[in-house]
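Values in this document were obtained by computation on a predicted structure and should not be read as measured data. Computed from heavy atoms alone, side chains included, the values below leave out hydrogens, waters and symmetry copies. One-based numbering along the sequence shown.
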Amino acid sequence: MPLPLTINLIFSIFSLQRSSHCLFTFGFYCRLFPPLGACMPFLTIDTVCALTGLQPATLYHWRHAGLISRPASRQGFSDSQYDLICRVLVLSNTGATLLEMQATLQNQPPQHIAGWLARKGDLLYQLEYGNDDDLVKTLRQNAAHYSGDDLVNALLRPLNNWLRSDHRAGAAKRLARFHYAVVRHACRAMHLSKKQKIDLRLEAVSVNDATEIWLEAIRLTGQGFHVELLLQAATPAQRLQQSTHHLMWCGAGISAETKAGLSARLESGDPVLLCGPDTRVRKEPLFA
């Protein structure tokens, strides 16, 4: 298999299945695919982002904070620099701030790290007392400091579930403001993702929670995809427009007819996959 095709295959597979808690060093890829070790002594920024699920902007913020250094060569990061990036990524999995991560890397006396609970508190404060612009700014700052997987899975999705279960005074307003902030950030993230080389279409088949599919769009853009979000089922003309990847979001089940159409498309070779919290076949799936 030609080397460029091999690299694209690796990145596509691990981009879709990657977990931020499962890190692979560059040495792993060199052993698994020996030509990579011989042809790629340095890792470009795009390569590092593909392997870690980080955005270039996040690497920039980490470098500006002194957590990592500038690429060792014009060709990219060295193996030791990549290992440090992975170490910082592990620290960021806890929800630690940039200052807390810096203190840990410098072997300073251990300090209490509130982690994701504190990040949730920051957003809740803005939801209760801040204006919309400050709320979006706080969300955007978190997006710049953490991977897309961690931002969504460890912070935004749990917060969304908590807000939806909250029945105190002002709960509906807080939930509506959170949805607004998520949509604003997702639209910006998808706009910036247009420069990415791998296209991914996220199509709504059924929706139970209107915020959830926007969170998934944020997570996927964080993985380096150019995401196109379709909030309604794709038209026949749109289906003719091929994407590298096509995810069909099921938030409240899928009809037998749609499931049969999906099976036919899979047999014809279309790169389509069901995703979402509820992929069960239902007589009348919900749609928002």
Open item on the list: Please evaluate residues R63 and L67 with respect to the criterion side-chain contact (heavy atoms from CB on, under 4.5 Å), reporting the C-alpha separation (whole Å), side-chain torsions for both, the decisive distance (0.1 Å), and the verdict.
Closed with: CA-CA 6 Å; R63 193 176 74 204; L67 301 177; over 6 Å; no
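- Taking the six-membered ring where the residue is Trp, Y125 and Y129 present tilted rings, their angle falling between 30° and 60°.
- A donor-acceptor contact closer than 3.5 angstrom is absent between the side chains of H226 and S193.
- For the residue pair Q75 / T44, no side-chain donor-acceptor distance below 3.5 Å is found, with atom types taken as modelled.
- For the atom pair CG of L247 and CG of L230, the computed distance is 11.5 Å after rounding to the nearest 0.5 Å.
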TODO: Step by step, work out the ring pair (Phe, Tyr, Trp, His ring centres under 6.0 Å) result for Y146 and W116.
DONE: CA-CA 11 Å; Y146 304 103; W116 295 116; 4.8 Å; yes
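- Using a 4.0 Å cut-off between charged nitrogen and carboxylate oxygen, R177 and E128 do not count as a salt-bridge pair.
- R119 has a carboxylate O that lies under 4.0 Å from a charged side-chain N of D122, or vice versa, which qualifies the two as a salt bridge.
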Task: Criterion side-chain contact (heavy atoms from CB on, under 4.5 Å) on Q126 and K137, from CA distance to verdict - done: CA-CA 10 Å; Q126 293 298 335; K137 181 180 179 181; over 6 Å; no
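- Contact annotation: the side chain of V207 never approaches that of L231 to less than 4.5 Å [non-hydrogen atoms, C-beta and beyond].
- Across all their heavy atoms, S147 and G53 have their closest contact at CB-O, 3.9 Å.
- Partners of L91 by side chain to side chain contact (heavy atoms under 4.5 Å, CB included), not counting sequence neighbours, listed by chain and number: M101, T104, L105.
- A salt bridge (charged side-chain N to carboxylate O under 4.0 Å, His left out) check over residues 179-192, counting only residues at least two apart or in different chains, returns the pairs D133-R184.
- Considering only heavy atoms from C-beta on, D150 stays 4.5 Å or farther from L155 through its side chain.
- Using a 4.5 Å heavy-atom cutoff, the side chains of T47 and Y82 are not in contact.
- For the 3.5 Å distance criterion, the side chains of N160 and D209 qualify, holding a donor opposite an acceptor.
- Remark: of the listed residues E228, H246, Q232, H246 is the sole one forming a side chain to side chain contact (heavy atoms under 4.5 Å, CB included) with E203.
- Counting only distance, with no hydrogens or angles, the side chain of E100 and the backbone of G115 share no donor-acceptor pair below 3.5 Å.
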